[in-house]
Amino acid sequence: MLDIALIRSKPDWVKEQIDKLNDEGTLARIDAIVELDARRRETRTRVETAQAARNRLNRAMGMLRGNKKMSNDEKANRAQLAAVALGTGDYEGAGRLLEGSAAAAGDDNSDSKTAFDALIGELRKMGDAIDAGFQQIDAIEAELQENMLWIPNLPHASVPVAESEDYNIPGQMQGDLREFDFEPKPHWELGPALDIIDFERGVKLAGSRYFTLKGWGARLQRALISFFLDEARDNGFSEVYVPYIVHGEMLYGASQFPKFEDTVYKLADEEKYLIPTAEVGIANLHRDEILEEANLPLHYVAHSPCFRSEKASAGRDVRGMKRVHQFEKVEMFTFTTPDTSYDELENITEYAEKICAKLEIPYRRLEIVTGDLGFSATKKYDIEMWAPGCGEWLEVSSCSNTEDFQARRAMLRYYPSGTRKTRYLHTLNGSGLATPRVMIAIMENYQRSDGSIVIPDVLRPYLGGADIIN
RNA sequence: GGAGAGGUGGCCGAGUGGUUUAAGGCGAUGGUCUUGAAAACCAUUGUACGGUUCUCCGUACCGCAGGUUCGAAUCCUGUCCUCUCCGCCA
């Protein structure tokens, strides 16, 4: 979520930034937000002032009733006069009468019950108006919040401005392309031939875009997960294990909701959801907490299955296991201070690249342009591996700085050293890495003419020393 | 799943519908004292939003959401969570 104060003070500048994102439809929300924000503050000031008067009068009436030093006649007289004052809108005068700081002139000998009934009647009228005011505020704030939740994060000044993913800027390829003396095959041929991927039985169990792994295929995936976690740990990330089913609020916190609500699987009997990434769990670990700057940054890593309905990608990448409903991923996540978050983005991206290098698969870094930034990132790099079988670059990692965008939603804060004034954290996430596409890249890069696959050196310790799958 | 008990500040823990503007304690921070430390004593002590603009003022928050009332931490309803016992289970 953006800072409402930023929108309030520089609405036109915010619109210019959003315009770079090629995100149609949200510009109009900025005008709505500015208007709602003004109305909200005006209404809140008015209603809260009335509420302050009401609180004072209620308290004063209670104290008057319980005052043992005052005669019943004087109490009744004061209540009666206060009721009259309230009828004319004189809260201050009524307050002083009830608190005893104003003399109760005259003595009309009112009956005690009648006097207090009149006073209570006036207070009730006041209360009704205030309740209506608070309802108005609730309605305005709900509408404001709804609009705010749909506004994407703004791009960092260093992000190249371009309208779509077609203009993302690829970096230099790292590593060497394999030279094949045969036509390299795609993984959807290699896998079934070696009987390590079984697409048909995945479909039988759960439908299209599901797959099963068998034998060395299943072991290879498990080896990758362990390798990724160990690498992250060596880079200073602490491993956590998070629930795969979470409350809806967590998805708002990680900024999946409301925009991507239909990409997430919901449980039938509960208001809970299957996570689309471990990021959801980690991002909310410190929800509603206030951390100390001395303990920052915090680096976490978690492995989890990821569940994605892929409704928006119908018809794309249907072949093989490049785009599936369930896959395994290791996710790195960093909580840090605003002044270090861009350094941390470079770090997390370099860690992801280091893993690619260790697997000895050609890869490159893609600098993401404004039109492809997505909803929550201010700056993003993708890491792609080359897959010679299907002849394309596969995104195996995506590393983003969201600055305080998630932090505002999930209330992730810290006390800067030496102060007690809270500030929002900056959060970063990066895959490290996602298994199906890495498996594709391994199979297609390490294949041999006889259809067997060489196991990358770094994975052999995780596979009992085996060096080949055949 | 069944029965019972309970959710109050960073922690513990009081709290008969109205001087509760949440007691008291612990912890933390600052100060006094001390060669230094401890002890003792004094002071301060949450979050969000709004107003003000460097200092205060106001509103809300006692798990969450409703309700009753002039007024709710306190009464009522629902709900979530925790604990104990039983059942089931890896």
Side-chain angles (χ1 to χ4, degrees), chain A residues 1 3-5 7-9 33 36-70 75-76 78-80 82-87 91-92 94-95 97-101 112-142 144-145 148 243 245-250 252 267 269-272 286-295 404 407-425:
Chain A
M1 204 149 60
D3 181 1
I4 184 78
I7 298 178
R8 187 187 302 151
S9 62
I33 286 167
L36 286 163
D37 175 56
R39 201 138 53 86
R40 162 179 173 270
R41 284 151 63 214
E42 181 273 317
T43 310
R44 188 167 271 286
T45 303
R46 178 167 55 77
V47 175
E48 286 187 352
T49 303
Q51 174 73 330
R54 177 208 208 186
N55 284 345
R56 175 189 175 192
L57 291 165
N58 272 322
R59 192 161 50 234
M61 185 181 80
M63 285 164 64
L64 178 70
R65 277 189 154 172
N67 188 336
K68 296 198 173 79
K69 292 180 183 165
M70 194 181 281
K75 288 180 190 176
R78 284 180 179 276
Q80 181 65 43
V84 171
L86 278 184
Y91 302 144
E92 180 59 34
L97 281 161
L98 295 176
E99 284 161 1
S101 61
S112 179
K113 184 174 185 319
T114 312
F116 275 96
D117 282 352
L119 177 58
I120 286 169
E122 289 299 331
L123 286 169
R124 179 187 287 130
K125 271 193 251 173
M126 209 178 154
D128 289 346
I130 290 166
D131 287 348
F134 277 119
Q135 276 177 29
Q136 230 179 316
I137 291 171
D138 287 347
I140 294 169
E141 290 189 343
L144 180 61
Q145 177 75 356
M148 288 295 284
I245 294 172
V246 295
H247 293 299
E249 299 89 84
M250 304 307 133
Y252 279 98
L267 299 195
D269 299 329
E270 296 181 83
E271 286 290 319
K272 291 180 184 172
H286 296 291
R287 168 179 275 266
D288 297 325
E289 294 178 18
I290 305 174
L291 307 177
E292 296 291 341
E293 181 171 4
N295 299 328
D404 60 7
R408 283 180 191 282
R409 290 172 170 235
M411 292 301 274
L412 311 168
R413 294 155 296 168
Y414 75 103
Y415 290 121
S417 301
T419 79
R420 289 282 99 177
K421 185 161 166 48
T422 60
R423 264 190 98 173
Y424 289 106
L425 292 161

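What you see is a predicted model; the values in this text were computed from it and never measured. These numbers come from the heavy atoms of this one structure, side chains and all, not from hydrogens, waters or symmetry mates. Sequence lines set the chain letters: A, B, ... in the order given, protein chains first and strands last, and positions in each chain run from 1.
With sequence neighbours excluded, the residues satisfying ring-ring contact (aromatic ring centres under 6.0 Å, His included) with A:Tyr252 are A:Phe257. Scanning for side-chain contact (heavy atoms from CB on, under 4.5 Å) contacts around A:Ile4 gives A:Arg8, A:Ile33, A:Asp37, A:Leu144, A:Met148, with sequence neighbours left out. A search for side-chain contact (heavy atoms from CB on, under 4.5 Å) contacts involving A:Arg46 returns A:Glu42, A:Thr43, A:Gln136, not counting sequence neighbours. With sequence neighbours excluded, no residue forms a salt bridge (charged side-chain N to carboxylate O under 4.0 Å, His left out) with A:Glu293. Residues passing the salt bridge (charged side-chain N to carboxylate O under 4.0 Å, His left out) test with A:Asp3 are A:Arg408, sequence neighbours excluded. Among residues two or more places apart in sequence or in another chain, the side-chain contact (heavy atoms from CB on, under 4.5 Å) test is passed with A:Pro243 by none. In this structure A:Arg65 satisfies the salt bridge (charged side-chain N to carboxylate O under 4.0 Å, His left out) test with no other residue, sequence neighbours excluded.
Between A:Lys272 and A:Arg59, the residue anchored nearer the 5' end of RNA chain B, judged by the nucleotide with its closest heavy atom, is A:Arg59. Comparing A:Ile4 and A:Met63 by the nucleotide of RNA chain B whose heavy atom lies nearest to each, the residue mapping closer to the 5' end is A:Met63.
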Considering only distance and modelled atom types, tabulate donor-acceptor pairs under 3.5 Å from the side chains of residues 54-62 of chain A, sequence neighbours left out.
| residue | atom | partner | partner atom | Å |
| --- | --- | --- | --- | --- |
| A:Arg54 | NH1 | A:Gln51 | OE1 | 3.2 |
| A:Arg56 | NE | A:Glu99 | OE2 | 2.8 |
| A:Arg56 | NH1 | A:Glu92 | OE1 | 3.0 |
| A:Arg56 | NH2 | A:Glu99 | OE1 | 3.0 |

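With a cut-off of 3.5 Å on both Watson-Crick or G-U wobble distances, the partner of B:C56 is given as B:G51. Both distances falling under 3.5 Å, in either a Watson-Crick or a G-U wobble arrangement, occur for no nucleotide opposite B:A90. Summarising the base pairing, B:A23 is matched to no nucleotide, lacking a Watson-Crick or G-U wobble pair whose two defining distances lie under 3.5 Å. Pair assignment for B:C83: B:G4, on the basis of Watson-Crick or G-U wobble contacts that are both within less than 3.5 Å. Pairing of B:A43, defined by two Watson-Crick or G-U wobble distances under 3.5 Å, is identified with B:U29. B:A14 makes up no base pair with any nucleotide shown, lacking Watson-Crick or G-U wobble contacts both under 3.5 Å. Across all strands shown, B:C64 is found opposite B:G78 as a Watson-Crick or G-U wobble partner, with both distances under 3.5 Å. Of the nucleotides present, none pairs with B:G9 by Watson-Crick or G-U wobble criteria with both distances under 3.5 Å.
For B:U8 and B:G63, the C1' atoms lie 10 Å apart once the distance is rounded to whole Å. Look at the P atom in both B:C49 and B:C42: the space between them is 36 Å, to the nearest Å. Separating the C1' atom of B:C76 from that of B:A28 is a span of 40 Å, rounded to the nearest Å. B:C83 and B:U68 have their C1' atoms separated by 31 Å, given to the nearest Å. Nucleotides B:U59 and B:G1 are separated by 43 Å at their P atoms, to the nearest Å. Between the C1' atoms of B:A43 and B:G36, the separation comes to 23 Å (whole Å). One P atom belongs to B:C81, the other to B:A48, and the distance between them is 27 Å to the nearest Å. B:A23 and B:U19 have their C1' atoms separated by 14 Å, with the value rounded to a whole Å.
When rounded to the nearest whole Å, the span between CE of A:Met411 and P of B:C49 equals 7 Å. One atom, CD1 of A:Ile290, and another, C1' of B:U45, lie 13 Å apart when rounded to the nearest Å. Per the geometry, CG belonging to A:Asp138 stands 16 Å off P belonging to B:C49, to the nearest Å. Atom CZ in A:Arg413 sits about 8 Å away from atom P in B:U47, given to the nearest Å. Rounded to an integer number of Å, the gap from A:Asp288 CG to B:G9 C1' is 15 Å. In this structure, CD1 of A:Ile137 is placed 13 Å from C1' of B:G51, rounded to the nearest angstrom. To the nearest angstrom, C1' of B:G67 lies 13 Å from CD of A:Gln135. If you measure from atom CD of A:Glu292 to atom P of B:A28, you get 14 Å, rounded to the nearest angstrom.
Here the shortest heavy-atom pairing between A:Arg287 and A:Glu249 reads NH2-O, 2.9 Å. In terms of heavy-atom proximity, A:Glu289 sits nearest to A:Leu291 at OE1-CD2, 3.8 Å.
Within the structure, a side-chain polar atom (N or O) of A:Tyr415 is placed less than 4.0 Å from OP1 or OP2 of B:U47.
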Go through the steps for A:Tyr415 and A:Arg423 under the test side-chain contact (heavy atoms from CB on, under 4.5 Å), then give the verdict. CA-CA 6 Å; A:Tyr415 290 121; A:Arg423 264 190 98 173; over 6 Å; no
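Between A:Arg78 atom CZ and A:Leu119 atom CG the span is 13.0 Å, to the nearest 0.5 Å.
A salt bridge (charged side-chain N to carboxylate O under 4.0 Å, His left out) check over residues 125-134 of chain A, counting only residues at least two apart or in different chains, returns the pairs A:Glu122-A:Lys125.
Within the nucleic acid shown, A:Arg423 has no heavy atom closer than 4.0 Å to any nucleic acid atom.
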Where do N or O atoms of nucleotides 72-80 of chain B meet protein N or O atoms at under 3.5 Å, pair by pair?
none

Contact list (N/O, under 3.5 angstrom) for nucleotides 68-71 of chain B vs protein:
| residue | atom | partner | partner atom | Å |
| --- | --- | --- | --- | --- |
| B:C70 | OP1 | A:Arg124 | NH2 | 2.4 |
| B:C70 | OP2 | A:Arg124 | NE | 3.4 |
| B:C70 | OP2 | A:Arg124 | NH2 | 3.3 |
| B:C70 | O2' | A:Asn58 | OD1 | 2.9 |
| B:C70 | O2' | A:Asn58 | ND2 | 3.4 |
| B:C70 | O2 | A:Asn58 | OD1 | 3.0 |
| B:G71 | OP1 | A:Arg54 | NH2 | 2.9 |

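Annotation: side chain of A:Tyr414 is not in contact with side chain of A:Thr422 (no heavy-atom distance under 4.5 Å).
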Each nucleotide in nucleotides 54-61 of chain B should get exactly one letter: B, S or -. Can you fill that in based on protein heavy atoms under 4.0 Å? ----BBS-
